[in-house]
Amino acid sequence: MRVYTTIEQAQQLPCYHRQIIPKDYLDVMGHMNVRYYMALFDEGGWSFFRALGMDEAYYRDNNAGGFALRQYITYVAEARVNETVAVHTRIIARSDKRIHFVHFLVNESNQTVSATMEGIGSHADLTQRRTSPYPLHIVAKMDAMLSEHNALEWDAPLCGILEP
């Protein structure tokens, strides 16, 4: 039996995006369409990477960026119209060029974790359009956050098929 992260556990992590689910996110079955789960995770991801020092100025000034390499989404409980959701993020591991993380979509209205997205991303040299090592100032922020997340007393739910 799979054990999911509790809302109390997910809320120990930094929040990188929060919004109310609008009616136009629904599909013909009255569910929030899967594309909007990904959009919410994407919004959280941009804020997460800004917190690591990878903001618009960094991308422009260094001709650098990030590549999404792999994602694995697990849908746990529906998020509905007018409910407030928030994206919290945990770093799992990193290498010189890659980061392994999990986003948690927390439904603050009904106190559940609605979905998780496990991802692998990489730093990118946009001149060559290839992966490249993270700069040391970003590595330092990643390592500090990774140390905090490794100290948590719960394991992140991992799919078991993504490798950094």
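In plain terms, the two heavy atoms of S109 and N82 that are nearest each other are OG-O, 4.4 Å. Closest approach of L52 to M145, counting heavy atoms only: CD2-CE, 4.0 Å. Across I92 and L146, no two heavy atoms sit closer than the pair O-CD1, 3.4 Å. Looking at every heavy atom in both residues, N107 comes nearest to A79 through ND2-CA, 3.8 Å. The shortest non-hydrogen separation linking L152 to L13 is CD1-CD2, 3.6 Å. Across all their heavy atoms, H88 and V106 have their closest contact at CD2-CG2, 3.6 Å.
In this structure E43 satisfies the salt bridge (charged side-chain N to carboxylate O under 4.0 Å, His left out) test with no other residue, sequence neighbours excluded. Residues satisfying the ring pair (Phe, Tyr, Trp, His ring centres under 6.0 Å) criterion with Y134, sequence neighbours excluded, are H123.
Note that CZ of R130 and OG1 of T127 are 13.0 Å apart. Values are rounded to the nearest 0.5 Å. The OG1 atom of T5 sits 12.0 Å away from atom CD of Q11, with the distance rounded to the nearest 0.5 Å.
Paired with T116 under the rule side-chain contact (heavy atoms from CB on, under 4.5 Å), one option of V102, L105, L158 passes, and it is V102.
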Fill in: Steps toward side-chain hydrogen bond (donor to acceptor under 3.5 Å, both in side chains) verdict (Y4, Q9)
CA-CA 10 Å; Y4 293 99; Q9 291 168 329; over 6 Å; no
Worksheet entry | Residue pair E56, R50: steps toward the salt bridge (charged side-chain N to carboxylate O under 4.0 Å, His left out) verdict | CA-CA 8 Å; E56 292 79 2; R50 276 194 292 279; 3.5 Å; yes
Practice prompt. Begin from the C-alpha positions of T89 and H103 and carry the test side-chain hydrogen bond (donor to acceptor under 3.5 Å, both in side chains) through to its verdict.
Written response: CA-CA 4 Å; T89 305; H103 291 310; 2.7 Å; yes
Fill in: Chi angles and distances behind the side-chain hydrogen bond (donor to acceptor under 3.5 Å, both in side chains) call for E78, H31
CA-CA 7 Å; E78 282 186 295; H31 298 285; 2.5 Å; yes
Discussion item. Run the salt bridge (charged side-chain N to carboxylate O under 4.0 Å, His left out) test on R94 and D143 for me, step by step, so that the C-alpha distance in whole Å, both residues' side-chain angles and the decisive distance to 0.1 Å come before the verdict.
Written reply: CA-CA 8 Å; R94 72 154 191 89; D143 286 347; 2.6 Å; yes
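Taking the six-membered ring where tryptophan is involved, the planes of F48 and F101 are tilted, since the angle between them lies from 30° to 60°.
Of the charged side-chain nitrogens involved, at least one lies within less than 4.0 Å of a carboxylate oxygen, so that E108 and R18 count as a salt-bridged pair.
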